[in-house]
**Student:** 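Below is a structure I'd like to ask you about.
Letters A, B, ... are given to chains in the order of the sequence lines, protein chains preceding strands, and every chain is numbered from 1.
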There are 2 protein chains.
Amino acid sequence: MWKGESVDTTGEQTRSEAEQVAGTQTITRALAVLGVLRDAEDDVGVTELARALGLHTSTTHRILRALASARYVVQNSQTERYRLGREALLLGRAASRALGFDAALPLLEQLAETTGESVNLSVRDNDDAVVVLRVESAHPLRFIQPVGTRIPLYCTSTGKALLAFGADLYAELAKLGELARLTPDTLTSPRELLADLEQTRERGYSVNYGERIPGVCGVAAPVPGEVGLAMGAVAVQGPEVRMPGERIPELGRLVMQTATAVTATIPSGYWI
Amino acid sequence: MWKGESVDTTGEQTRSEAEQVAGTQTITRALAVLGVLRDAEDDVGVTELARALGLHTSTTHRILRALASARYVVQNSQTERYRLGREALLLGRAASRALGFDAALPLLEQLAETTGESVNLSVRDNDDAVVVLRVESAHPLRFIQPVGTRIPLYCTSTGKALLAFGADLYAELAKLGELARLTPDTLTSPRELLADLEQTRERGYSVNYGERIPGVCGVAAPVPGEVGLAMGAVAVQGPEVRMPGERIPELGRLVMQTATAVTATIPSGYWI
DNA sequence: AAATCCTATTCCACTTTATGGAATGCGCTT
DNA sequence: AAGCGCATTCCATAAAGTGGAATAGGATTT
């Protein structure tokens with residue numbers, strides 16, 4: 001039944017995620033359902049959800065009912081489709097407090113005020129970084145990156161800070177694969193990137209000058225964890241016009257200062 | 001085994017919650033674990049968690065491993081205890097967006113600025129209300145109520161708005177039980193409360209003048225849902241000194257206006 | 001310093017629980 | 001009017017989670 005000799009279209013891409021943890025299939029599936037809902041732009045139907053995860057509609061429906069009865073998801077009474085619910089919201093608030101992000105926010109706010117630019121805190125997530133906390137610049141022209149945004153490692157200040165101050169730099173570089181050219185300034189050769197990362201290590205902060213999005217710059221510093229490796233990164237981002245070359249060292253200094261301060265707000269013994 | 005002839009201390013209080021949804025025991029248990037972690041002040045150990053839920057440590061541990069491998073919880077490397085993790089945070093952000101709270105926030109912010117007082121949006125949750133969105137007053141002396149706070153129905157502006165504009169007023173009143181006297185101004189008789197609620201219905205907004213906490217006042221209006229009943233309430237809260245009697249009608253008008261505007265931001269077809 | 005207690009964690013036979021094939025009913029399109 | 005796609009329900013099957021028991025480590029007590 002599980003091998004699925006009758007079903008041929010689905011049940012192939014799911015394997016890699018689902019087989020991570022043995023003995024807890026149901027929970028893993030439920031969390032996968034929440035994950036799809038999290039990334040969905042709009043409401044999702046049972047069939048659509050089942051297809052995305054390679055599950056049966058029957059199974060998916062049962063999972064959704066469990067989640068709905070706990071109010072982690074809500075069902076649209078008209079379309080019968082689902083989206084995240086109230087309890088998911090409250091869980092997030094509690095997590096923000098538990099992980100010390102509530103305490104880190106004022107530090108980011110101060111950095112945003114001092115520099116006048118958007119500030120965010122990101123952490124590593126598999127092959128990307130993901131924004132977990134942010135403060136927006138007050139300028140009409142500002143850089144926006146909502147919480148939850150996934151950003152590539154090789155062409156962003158945040159990503160380069162995580163790489164440069166993470167474990168196993170060379171292994172990481174080998175894993176990156178092709179460095180797609182996103183702008184004329186993107187570092188597309190491993191050699192160039194390595195040189196940039198070594199410079200980042202020396203300086204203590206990373207710089208991105210339009211390598212991912214033309215006209216957008218960033219300066220980032222690692223948030224040191226228990227063993228000294230980066231467990232996250234604080235970045236200041238804004239348009240090139242407001243971040244001329246001569247301003248970078250000062251921004252670097254400020255970002256490093258904030259990143260170090262953020263460490264103290266994050267409960268020790270954890271690796272977010 | 002499930003009846004537990006050997007185990008006698010646990011497994012009694014759990015029944016009521018766990019038996020709600022049939023066919024999804026595992027998920028319900030996992031969500032219950034998340035719920036305990038959500039409400040916990042500090043990190044929680046496996047045994048403690050198991051005891052709180054009437055589960056076996058073995059089961060609890062397996063659930064935690066599943067949640068941890070999806071990063072919904074993290075384990076302290078030193079104490080081996082657990083707390084909420086990064087994915088819980090991101091889920092909350094997505095839920096906030098999906099439920100339209102991101103859109104409602106600016107409306108509350110404007111009300112907070114206009115009135116100078118703390119503002120929150122709350123929804124009904126079983127026998128209480130729960131704060132889902134809030135904006136704090138800028139005053140040094142301000143009323144603070146973090147998101148997730150549970151507040152009683154009978155002695156708060158929010159709660160009275162939910163009661164007065166909810167379904168089945170008389171059934172609700174009967175369910176309330178004893179109206180504990182929290183302050184000299186608490187309405188402790190059903191008769192008084194009913195009169196207040198009827199007045200609330202006529203006015204369109206509810207008023208709490210130190211009925212729960214001495215010196216703290218609130219004015220709240222219902223957020224009308226699809227069928228006209230309150231699906232939530234917007235409240236302005238502050239110290240008595242800044243909210244004299246003659247200011248109440250104006251506050252009521254503003255709160256009603258905001259509450260109505262909030263309705264438009266919440267996706268239709270849902271009942272948060 | 002040994003003993004005791006209380007942890008988190010692992011293992012594995014058992015059986016409860018989730019599974020998914022099939023069927024239903026509804027609404028929309030062909 | 002038939003056909004499709006959807007959410008939903010049912011139920012025999014077996015796979016998955018369960019929990020008793022055992023292990024190992026740390027902290028506190030004797």
**Student:** Show the atom names and distances, to 0.1 Å, of all donor-acceptor pairs under 3.5 Å that link a side chain in residues 158-168 of chain A to residues at least two apart or in another chain.
**Tutor:**
{"residue": "A:K160", "atom": "NZ", "partner": "A:D196", "partner atom": "OD1", "Å": "3.3"}
{"residue": "A:K160", "atom": "NZ", "partner": "A:D196", "partner atom": "OD2", "Å": "3.2"}
{"residue": "A:K160", "atom": "NZ", "partner": "A:V207", "partner atom": "O", "Å": "2.8"}
{"residue": "A:K160", "atom": "NZ", "partner": "A:E211", "partner atom": "OE1", "Å": "3.0"}
{"residue": "A:K160", "atom": "NZ", "partner": "A:E211", "partner atom": "OE2", "Å": "2.9"}

**Student:** Between B:D42 and B:R81, is there a salt bridge with N-O shorter than 4.0 Å?
**Tutor:**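 Salt bridge flag = no for B:D42 with B:R81.
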**Student:** So does B:E172 pair up with B:R124, basic N to acidic O under 4.0 Å?
**Tutor:** yes
**Student:** Does A:D128 offer a backbone N or O that forms a donor-acceptor pair with the side chain of A:N126 under 3.5 Å?
**Tutor:**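 It does not hold such a pair.
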**Student:** Please list, one pair per line, the donor and acceptor atoms closer than 3.5 Å that link side chains of residues 94-109 of chain B to other protein atoms, with sequence neighbours excluded.
**Tutor:**
{"residue": "B:S96", "atom": "OG", "partner": "B:D102", "partner atom": "OD1", "Å": "2.6"}

**Student:** Specify the separation, in whole Å, of atom CZ of B:R65 and atom P of D:dT18.
**Tutor:**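 Distance check: B:R65 CZ to D:dT18 P gives 15 Å.
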**Student:** Considering only side-chain heavy atoms of B:E80, which listed nucleotide, D:dT18, C:dT9, C:dT19, is closest?
**Tutor:** C:dT9
**Student:** Can you name the closest pair of heavy atoms from A:V36 and A:L49 and give their distance?
**Tutor:** CG1-CD1, 3.2 Å
**Student:** Contacts to DNA chain C from residues 35-46 of chain B, heavy-atom cutoff under 4.0 Å, which residues?
**Tutor:** B:G45, B:V46
**Student:** So how far is it from A:S122 OG to A:R134 CZ, rounded to the nearest 0.5 Å?
**Tutor:** 11.5 Å
**Student:** Quick one: closest heavy-atom pair of A:V46 and A:T57, and the distance?
**Tutor:** CG1-O, 3.7 Å
**Student:** Can you list the stems that include DNA chain D, where a stem is three or more consecutive Watson-Crick or G-U pairs with distances under 3.5 Å?
**Tutor:**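 So the stems come out as C:1-30 with D:1-30.
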**Student:** Of all the nucleotides listed (C:dA8, D:dC6, C:dG20), which has the minimum atom distance to the side chain of B:T47?
**Tutor:** C:dA8
**Student:** From the options D:dG17, D:dG19, C:dT9, select the nucleotide whose nearest atom is closest to the side chain of B:R29.
**Tutor:** D:dG19
**Student:** Mind checking side chain to side chain contact (heavy atoms under 4.5 Å, CB included) for B:S77 and listing every partner two or more places apart, or none if nothing turns up?
**Tutor:**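 Result, side chain to side chain contact (heavy atoms under 4.5 Å, CB included) vs B:S77: none returned.
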**Student:** Side chain of A:R62: nearest nucleotide among C:dA8, C:dG20, D:dG19?
**Tutor:** C:dG20
**Student:** Please tabulate the protein-to-nucleotide N/O contacts below 3.5 Å involving nucleotides 22-30 of chain C, giving atom names and distances.
**Tutor:**
none

**Student:** Nearest of C:dG20, D:dA16, D:dT9 to any side-chain atom of A:H56?
**Tutor:**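 Shortest atom-to-atom distance from the side chain points to C:dG20.
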